[in-house]
There are 2 protein chains.
Amino acid sequence: MNRPDRLLRDEAAMFASYLRQHRLRRGRRRQEVLAEFLSIERHVTADELRDALKRKGLGVGIATVHRCLELFASCGLARKLKVGNGRAYYEHDYGHAHHDHLICLDCGRTVEFCEPLIESLQEKAASAHGFLVKRHSLELYGSCSSCRSQAKGS
Amino acid sequence: MNRPDRLLRDEAAMFASYLRQHRLRRGRRRQEVLAEFLSIERHVTADELRDALKRKGLGVGIATVHRCLELFASCGLARKLKVGNGRAYYEHDYGHAHHDHLICLDCGRTVEFCEPLIESLQEKAASAHGFLVKRHSLELYGSCSSCRSQAKGS
DNA sequence: CTCTATGCAAAACCTTTGCATAGAA
DNA sequence: TTCTATGCAAAGGTTTTGCATAGAG
């Protein structure tokens with residue numbers, strides 16, 4: 001919601017710069033997939049993204065979607081995350097503060113949250129074992145309030 | 001290391017009780033896989049466990065290993081965890097305090113750690129969004145001390 | 001023109017399932 | 001005996017790869 005033009009410009013610039021540095025080209029599909037990805041403000045799987053494209057009449061092969069998403073992750077536009085079900089999800093990364101996920105085991109709803117104190121405790125715990133943290137993945141699985149109240153009702 | 005007999009007895013009792021309650025039987029493979037699993041003090045994949053069994057001359061089918069591991073998870077002997085690579089890892093659960101994982105991106109070494117303060121902050125963050133946490137998964141990816149010193153040296 | 005991007009199909013990977021049969025209780 | 005356990009092979013579900021060709025620069 002409320003995607004500032006500024007953000008989009010920065011993302012486009014990052015993408016262009018990455019392509020240049022790696023001597024890659026801005027193929028038609030690559031641009032379509034990027035535009036669609038950036039227009040979706042939640043994490044998506046390759047499949048979901050392809051479906052979204054198909055609904056707009058753009059028939060992009062699943063392999064291409066995967067290759068695009070990996071590319072976006074490489075250039076810092078996307079963050080890849082794997083949750084329990086084995087599928088890979090991608091979400092916007094650039095300009096988005098780091099966050100973790102709450103996932104409702106009943107309805108699947110996910111909520112992003114951010115707790116800087118947890119992050120610093122992670123660093124501390126890691127350095128106590130000689131580790132330097134590069135990235136982390138934290139998912140809390142449980143039940144959201146609406147699923148809990150429904151469960152009570154039934 | 002240092003597995004007290006007490007622990008093993010408890011685990012065997014849990015297993016037996018679960019089998020009884022569910023009218024399952026203690027098949028030969030099931031016992032072999034359990035013994036091997038309990039003898040390994042780190043998380044394993046189904047494949048690794050099967051290889052370990054094979055090295056002892058026990059040819060257990062991969063499907064059976066999967067079925068056994070799911071069974072162990074159901075009866076509280078094992079905890080299943082999925083990390084970034086998409087494979088399922090199983091580790092001892094009974095009698096083991098909850099812990100999270102540090103994973104070295106270079107050498108793959110993993111270290112378990114436990115930080116109760118993080119746990120309580122997770123609860124807090126979840127309840128701020130109306131969630132009740134049932135379980136969570138926290139992995140910190142980075143580089144361990146030995147990989148970092150090697151990198152410096154080269 | 002040259003080298004990358006793309007689609008398609010096949011392969012790879014890991015896990016699960018179906019089915020016939022061995023084996024517990 | 002009866003019902004579960006097991007092996008094997010096949011199926012599933014998702015991601016990756018090979019290859020021929022379209023297409024960007």
Side-chain angles (χ1 to χ4, degrees), chain A residues 12 15-37 43-54 56-75 78-90 108, chain B residues 12 15-37 43-54 56-75 78-90 108:
Chain A
F15 188 58
S17 144
Y18 186 90
L19 292 184
R20 221 174 309 117
Q21 279 176 20
H22 294 261
R23 266 146 252 239
L24 302 175
R25 297 173 187 178
R26 53 172 77 248
R28 177 182 148 208
R29 294 313 193 188
R30 204 164 268 174
Q31 293 179 80
E32 291 170 353
V33 176
L34 178 61
E36 187 61 30
F37 173 69
H43 52 233
V44 288
T45 62
D47 233 42
E48 289 166 355
L49 192 51
R50 189 180 57 157
D51 286 350
L53 286 158
K54 189 176 292 173
K56 299 191 174 167
L58 304 171
V60 186
I62 189 64
T64 300
V65 175
H66 277 289
R67 285 184 283 228
C68 285
L69 286 169
E70 281 303 303
L71 174 63
F72 302 162
S74 302
C75 68
R79 188 162 82 106
K80 180 179 188 172
L81 56 131
K82 296 224 179 187
V83 295
N85 63 14
R87 264 173 295 185
Y89 287 83
Y90 294 83
Chain B
F15 188 58
S17 145
Y18 186 90
L19 293 184
R20 222 176 307 119
Q21 281 176 20
H22 294 260
R23 266 146 252 243
L24 302 176
R25 299 173 186 178
R26 54 170 78 247
R28 177 182 150 209
R29 294 314 193 188
R30 207 164 266 176
Q31 294 180 77
E32 292 170 352
V33 176
L34 178 61
E36 187 61 31
F37 174 67
H43 52 234
V44 289
T45 62
D47 233 42
E48 288 166 355
L49 192 51
R50 190 180 58 155
D51 286 350
L53 286 158
K54 190 175 291 172
K56 300 191 174 169
L58 304 172
V60 186
I62 189 64
T64 300
V65 175
H66 277 289
R67 286 184 282 228
C68 284
L69 286 169
E70 280 304 302
L71 174 62
F72 303 161
S74 302
C75 67
R79 188 161 82 105
K80 181 179 189 172
L81 57 131
K82 298 223 180 189
V83 295
N85 62 15
R87 265 175 294 187
Y89 287 82
Y90 295 83

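Note that the structure is predicted; figures quoted are calculated from it, not measured. So you know, we letter chains A, B, ... as the sequences are listed, proteins then strands, and number each from 1.
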Asks: Would you state whether a donor and an acceptor, one from the side chain of R29(B) and one from the base of dG23(C), lie under 3.5 Å apart?
Replies: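 Answer no: no donor N or O sits under 3.5 Å from an acceptor.
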Asks: Return the nearest nucleotide to the side chain of A63(A); candidates are dA24(C), dC8(C), dT14(D).
Replies: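 The closest nucleotide is dC8(C).
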Asks: Starting at CZ of R87(B) and ending at P of dT16(C), how long is that distance when rounded to a whole Å?
Replies: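 Atom-to-atom, R87(B) to dT16(C), this comes out as 15 Å.
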Asks: Do H66(B) and I62(B) have side chains that get closer than 4.5 Å, going by heavy atoms?
Replies: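 They are in contact (side-chain heavy atoms under 4.5 Å apart), so the answer is yes.
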Asks: Grab the CZ-C1' distance between F72(B) and dA5(D) for me, whole Å please.
Replies: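 Atom CZ in F72(B) sits about 13 Å away from atom C1' in dA5(D).
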Asks: List the atom of A88(A), the atom of K82(A), and the distance in Å for their closest heavy-atom pair.
Replies: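 Here A88(A) and K82(A) meet closest at CB-CE, 4.3 Å.
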Asks: So which of F15(A), Y90(A), F72(A) actually passes ring pair (Phe, Tyr, Trp, His ring centres under 6.0 Å) with F37(A)?
Replies: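 Exactly one candidate clears the test, F72(A).
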Asks: Would you classify R67(B) as touching base, sugar-phosphate or nothing, given that sugar-phosphate means primed atoms plus P, OP1 and OP2, and contacts are heavy atoms under 4.0 Å?
Replies: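 Base, at least one base atom sits under 4.0 Å.
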Asks: Return the value, rounded to whole Å, for the distance between atom CZ of R28(A) and atom C1' of dG7(C).
Replies: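 After rounding, the reported distance stands at 12 Å.
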Asks: Can you tell me which nucleotide in dG7(C), dG7(D), dA24(D) comes closest to the side chain of V60(B)?
Replies: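 In terms of side-chain proximity for V60(B), the closest of dG7(C), dG7(D), dA24(D) is dG7(D).
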Asks: Check the distance between dG25(D)'s P and R30(A)'s CZ and give it to me in whole angstrom.
Replies: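 Nearest whole value for this atom pair: 10 Å.
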Asks: With the side chain of R26(B) defined as its heavy atoms from C-beta on, choose the nearest nucleotide among dA24(C), dT16(D), dG7(D).
Replies: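 The answer is dA24(C).
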Asks: What nucleic acid atoms does G59(B) come within less than 4.0 Å of, heavy atoms only: base, sugar-phosphate, or nothing?
Replies: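 Here G59(B) touches the backbone only, sparing every base.
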Asks: Is it true that the side chains of E48(A) and Y89(A) contain a donor and an acceptor less than 3.5 Å apart?
Replies: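 No, Y89(A) and E48(A) have no side-chain donor paired with an acceptor closer than 3.5 Å.
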Asks: State which residue, out of R50(A), Q31(A), K56(A), fulfils the side-chain hydrogen bond (donor to acceptor under 3.5 Å, both in side chains) condition with E36(A).
Replies: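 Running side-chain hydrogen bond (donor to acceptor under 3.5 Å, both in side chains) over R50(A), Q31(A), K56(A) with E36(A) returns exactly one hit, K56(A).
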Asks: I want to confirm an ordering. Mapping G27(A) and D47(B) to their closest nucleotides on DNA chain C, which one lands closer to the 5' end?
Replies: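 Its nearest nucleotide being more 5', the pick is G27(A).
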Asks: Just how far, in rounded Å, is P of dT14(D) from CD1 of I62(A)?
Replies: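 After rounding, the reported distance stands at 10 Å.
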Asks: When only distance counts, do a donor and an acceptor, one from the side chain of R23(A) and one from the base of dC3(C), lie under 3.5 Å apart?
Replies: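 Result: no qualifying N/O pair found.
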Asks: Where the side chain of T64(A) is defined as all heavy atoms beyond and including C-beta, which of dT14(D), dT15(C), dT6(C) is the nearest nucleotide?
Replies: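 Side chain of T64(A) sits closest to dT6(C).
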Asks: When you match Y90(B) and L24(A) each to their closest nucleotide on DNA chain C, which lands nearer the 5' end?
Replies: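 Here L24(A) is the residue nearer the 5' end.
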